[in-house]
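Here the structure comes first, spelled out in structure tokens, and everything after it is commentary.
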Number of protein chains: 2
Amino acid sequence: MIDSNNPIPLHVQISNALVKQIKAGMYKDKIPSERELIEAYTVSRTTVRQAIAKLVNDGILKKVHGKGTFINEGKPIQEWLSNLNSLTETIKNMGMTPSSKLLAAEQINVKDHTIDIFNMDLYRIERLRYADGEPLAIEEHYYPLSVGLKLSSYDLGTETIFDLLENEMGITLAEAEQIISTEDADARVAGLLGIPKGASVLTVERIIADELGNPLEFYRGYYRPDKYVFRVKSKRNGLRGSP
Amino acid sequence: MIDSNNPIPLHVQISNALVKQIKAGMYKDKIPSERELIEAYTVSRTTVRQAIAKLVNDGILKKVHGKGTFINEGKPIQEWLSNLNSLTETIKNMGMTPSSKLLAAEQINVKDHTIDIFNMDLYRIERLRYADGEPLAIEEHYYPLSVGLKLSSYDLGTETIFDLLENEMGITLAEAEQIISTEDADARVAGLLGIPKGASVLTVERIIADELGNPLEFYRGYYRPDKYVFRVKSKRNGLRGSP
DNA sequence: CAGTGGTCTAGACCACTGG
DNA sequence: CAGTGGTCTAGACCACTGG
């Protein structure tokens with residue numbers, strides 16, 4: 001189960017094992033203490049603490065000094081997850097009909113891009129997304145070349161990219177980090193979205209990574225703020241721990 | 001400077017020292033390597049790595065395996081949306097100094113507002129917020145009259161409202177639902193924030209509720225997008241929503 | 001008081017980046 | 001190759017919680 005010959009770091013293996021056990025309901029409220037986990041997995045305290053720190057940072061666990069490490073009861077952020085799942089799903093959930101127009105699908109050489117998480121040639125896919133026939137967003141996706149070339153063999157005007165990645169290509173999307181901001185629309189963005197030049201557009205930059213934190217996709221989205229907003233539920237907690 | 005007799009943990013002292021040095025422009029791009037910091041502060045590698053990890057988590061530093069640890073240049077303040085933090089806390093976490101100017105503190109009669117979660121007279125507090133002396137955001141808070149009147153007895157130009165609510169008034173903030181969008185700045189907002197009229201501003205509307213879901217506060221914020229962005233981590237198939 | 005997480009030391013070997 | 005961060009060990013003492 002935990003294998004020190006496995007190239008996956010021990011602390012990641014332990015994190016994953018703990019998550020599996022929590023999901024299986026193996027612990028009611030509290031996970032075993034650090035000393036107990038040291039015994040159970042025959043690792044050092046540093047390794048156990050690193051595994052736990054990751055889950056605390058993810059909001060799954062909560063540590064209380066002198067008491068123990070507890071499972072965080074909480075509600076999922078349903079609106080946000082549906083956005084992450086795919087824009088197609090979100091549009092459908094709102095009772096509208098999604099559609100897409102492929103704007104670009106092309107190779108980019110490593111020296112022509114500045115996406116510093118990828119130090120390799122990339123494949124770029126750009127689509128204009130519609131809801132009930134009205135322009136809603138422009139989405140740019142960047143993938144490693146091998147992934148992008150496989151994607152390009154499908155009809156990107158109609159397919160959902162997440163479906164292709166996960167179901168056709170067997171790629172596991174685990175985590176996403178997103179940054180939400182705004183920009184003044186330039187002429188091209190304004191024209192495509194059907195808004196005045198200089199009007200505010202919502203922007204999203206996103207890095208999707210696999211379970212080990214390796215980046216799989218870089219994404220940039222431009223949304224019409226009159227048609228699309230972000231909804232997030234937050235808890236007053238203070239889980240701003242260091243990993 | 002770094003004092004092992006100080007009750008503040010060494011790694012926190014080192015974090016703070018690094019932030020101070022970065023702000024002072026002591027490093028151009030890269031901070032010293034972990035081995036160099038071990039020498040400089042006469043601590044173990046664990047302690048140095050703990051200090052750095054905090055700043056990486058806050059978005060101030062970025063580690064690159066085999067190369068070094070780099071300063072995240074000119075990145076706007078990043079708020080992790082999964083936690084409900086006050087702007088004061090967020091600014092401090094980024095190693096900057098928060099300040100405020102009170103713009104308004106006034107009673108509003110029930111018939112003069114349209115905030116449909118409150119069917120009662122309200123108290124409205126509006127402040128201009130600064131980070132390191134630069135305008136960052138305009139924040140409007142609406143409270144039930146009894147709460148607002150108590151708040152108004154404090155110096156709202158210097159106090160943190162969350163602190164007053166939680167520590168002075170014993171009010172428990174549990175959950176918030178936030179809507180993030182963007183608007184073109186009108187003349188007043190542009191003037192206060194020091195940006196051109198019509199430029200994009202990030203907007204947040206927020207309802208904070210107690211553990212039973214009773215609304216405690218309605219909030220509206222206007223943020224300069226060059227200085228402030230929202231950050232969210234999401235799980236693709238996690239057992240919970242966002243960390 | 002025993003048990004918990006928080007901090008910290010002083011090492012070790014590995015994988016990665018660049019010249 | 002020398003230098004970097006990534007992982008990991010095997011300890012130690014501290015501060016906090018609860019009975």
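We name chains A, B, ... by the order of the sequence lines, and we start the count at 1 in each one.
- In terms of phosphate contacts, K67(B) brings a side-chain nitrogen or oxygen within less than 4.0 Å of OP1 or OP2 of dG18(C).
- Across the protein-nucleic acid pair, I38(A) atom CD1 and dC8(D) atom P stand 14 Å apart, rounded to whole Å.
- Judged by distance alone, the side chains of Y27(A) and Q21(A) do bring a donor and an acceptor atom under 3.5 Å apart.
- Considering only side-chain N and O atoms, T69(A) lies under 4.0 angstrom from the phosphate OP1 or OP2 of dG5(C).
- Classified by interplanar angle (parallel below 30°, tilted 30° to 60°, perpendicular above 60°), the ring pair H141(B)/Y143(B) is parallel.
- An OP1 or OP2 oxygen of dT4(C) is reached within less than 4.0 angstrom by no side-chain nitrogen or oxygen of K63(A).
- Side-chain N/O atoms of T47(A) include none lying less than 4.0 angstrom from OP1 or OP2 on dT7(D).
- One atom, CG of L10(B), and another, P of dT9(C), lie 6 Å apart when rounded to the nearest Å.
- Between F218(A) and Y142(A), the ring planes are tilted. Angles from 30° to 60° get that label.
- Atom-to-atom, CD of E39(B) to C1' of dA10(C) comes out at 13 Å; the value is rounded to the nearest Å.
- When each of I8(A) and R45(A) is assigned the nucleotide of DNA chain D with its nearest heavy atom, I8(A) is the one assigned upstream, toward the 5' end.
- Between S33(B) and dT4(D) there is a side-chain N or O to OP1 or OP2 distance below 4.0 Å.
- Defined by atom type and a distance below 3.5 Å, a donor-acceptor pair is present between the side-chain atoms of S86(B) and E89(B).
- The separation between Q13(B) atom CD and dG6(C) atom P is 18 Å, rounded to whole Å.
- Summarising the geometry, the separation between CZ on R35(A) and P on dG11(D) is reported as 13 Å, rounded to the nearest angstrom.
- Among the nucleotides dG6(C), dG18(D), dT9(C), the one closest to any side-chain atom of E34(A) is dG6(C).
- Checking dG18(C) for Watson-Crick or G-U wobble geometry (two distances, each under 3.5 Å) identifies dC1(D) as its partner.
- Rounded to an integer number of Å, the gap from N6(A) CG to dA15(C) P is 13 Å.
- The distance between atom CG of L55(A) and atom P of dG5(C), rounded to the nearest whole Å, is 14 Å.
- Evaluated for a side chain to side chain contact (heavy atoms under 4.5 Å, CB included) with S181(A), the options L202(B), I180(B), D226(B) yield exactly one hit, L202(B).
- Look at CG on D3(B): it is 15 Å from C1' on dC8(C), rounded to the nearest Å.
- When each of G66(A) and V48(A) is assigned the nucleotide of DNA chain D bearing its nearest heavy atom, the one mapping closer to the 5' terminus is V48(A).
- A close approach under 4.0 Å does not occur between any side-chain nitrogen or oxygen of H65(A) and OP1 or OP2 of dT4(C).
- Side-chain atoms of R49(B) stay outside donor-acceptor range of the base of dT7(D), with no qualifying N/O pair under 3.5 Å.
- Nearer the 5' end of DNA chain C, as judged by each residue's closest nucleotide, is the contact made by I31(A), out of I31(A) and T42(B).
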